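Have a look at the structure below, then the notes.
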Amino acid sequence: HPEECMDALNIRARIRQMVETGELPCEESGKVWAGRGDGTHCAACGETIEPTQIEFEVQIGVGTILRLHRHCHHTWQEECQTLPSR
């Protein structure tokens, strides 16, 4: 699988760091779309989201869309839930 390029632990560590620094915000608006990847880069792992993969688009605030692989989206949600609330 191309999505195994960065193994799950590396992806989780990267996502955790991005959540902690605010690079990946946790303010999810509730608007999430899923569809086929179109070659854009995943906001979490940086890898290309291939047409054979599922791409999640998450609306953050006004006008900001994060594009994530399915497993990166899931990991991001988990990391946001474990983050101590500020």
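One is the number of the first residue; the rest follow in order along the sequence. This is a predicted model, so every value here is computed, not measured.
Residues forming a side chain to side chain contact (heavy atoms under 4.5 Å, CB included) with I65 (at least two apart in sequence, or on another chain): W33, E57, Q59, R67. In this structure T64 satisfies the side-chain hydrogen bond (donor to acceptor under 3.5 Å, both in side chains) test with no other residue, sequence neighbours excluded. A34 pairs by the side chain to side chain contact (heavy atoms under 4.5 Å, CB included) definition with I54, F56, not counting sequence neighbours. With sequence neighbours left out, R36 forms a side chain to side chain contact (heavy atoms under 4.5 Å, CB included) with no residue at all. Annotation: side chain to side chain contact (heavy atoms under 4.5 Å, CB included) contacts of A43 (sequence neighbours excluded): L24, L66, L68. For R16, the side-chain hydrogen bond (donor to acceptor under 3.5 Å, both in side chains) partners at least two apart in sequence or on another chain are E79.
Under the 2.5 Å cut-off for SG-SG separation, C26 and C80 qualify: their sulfur atoms lie closer than that.
Taken from CD in E23 to CD1 in I15, the straight-line distance is 11.5 Å, to the nearest 0.5 Å. One distance of note links SG of C45 with CE of M18; it measures 9.5 Å at 0.5 Å rounding. Here SG of C42 is found 7.5 Å from CD1 of I11. Values are rounded to the nearest 0.5 Å.
Aromatic ring pairs are classed by plane angle as parallel below 30°, tilted from 30° to 60° and perpendicular above 60°; the pair H71 and H69 is parallel.
I49 and V58 are not part of a single hydrophobic cluster, where members link through side-chain heavy atoms under 4.5 Å apart.
For the pair E78 and R12, the salt-bridge criterion is met [side-chain N within less than 4.0 Å of a carboxylate O].
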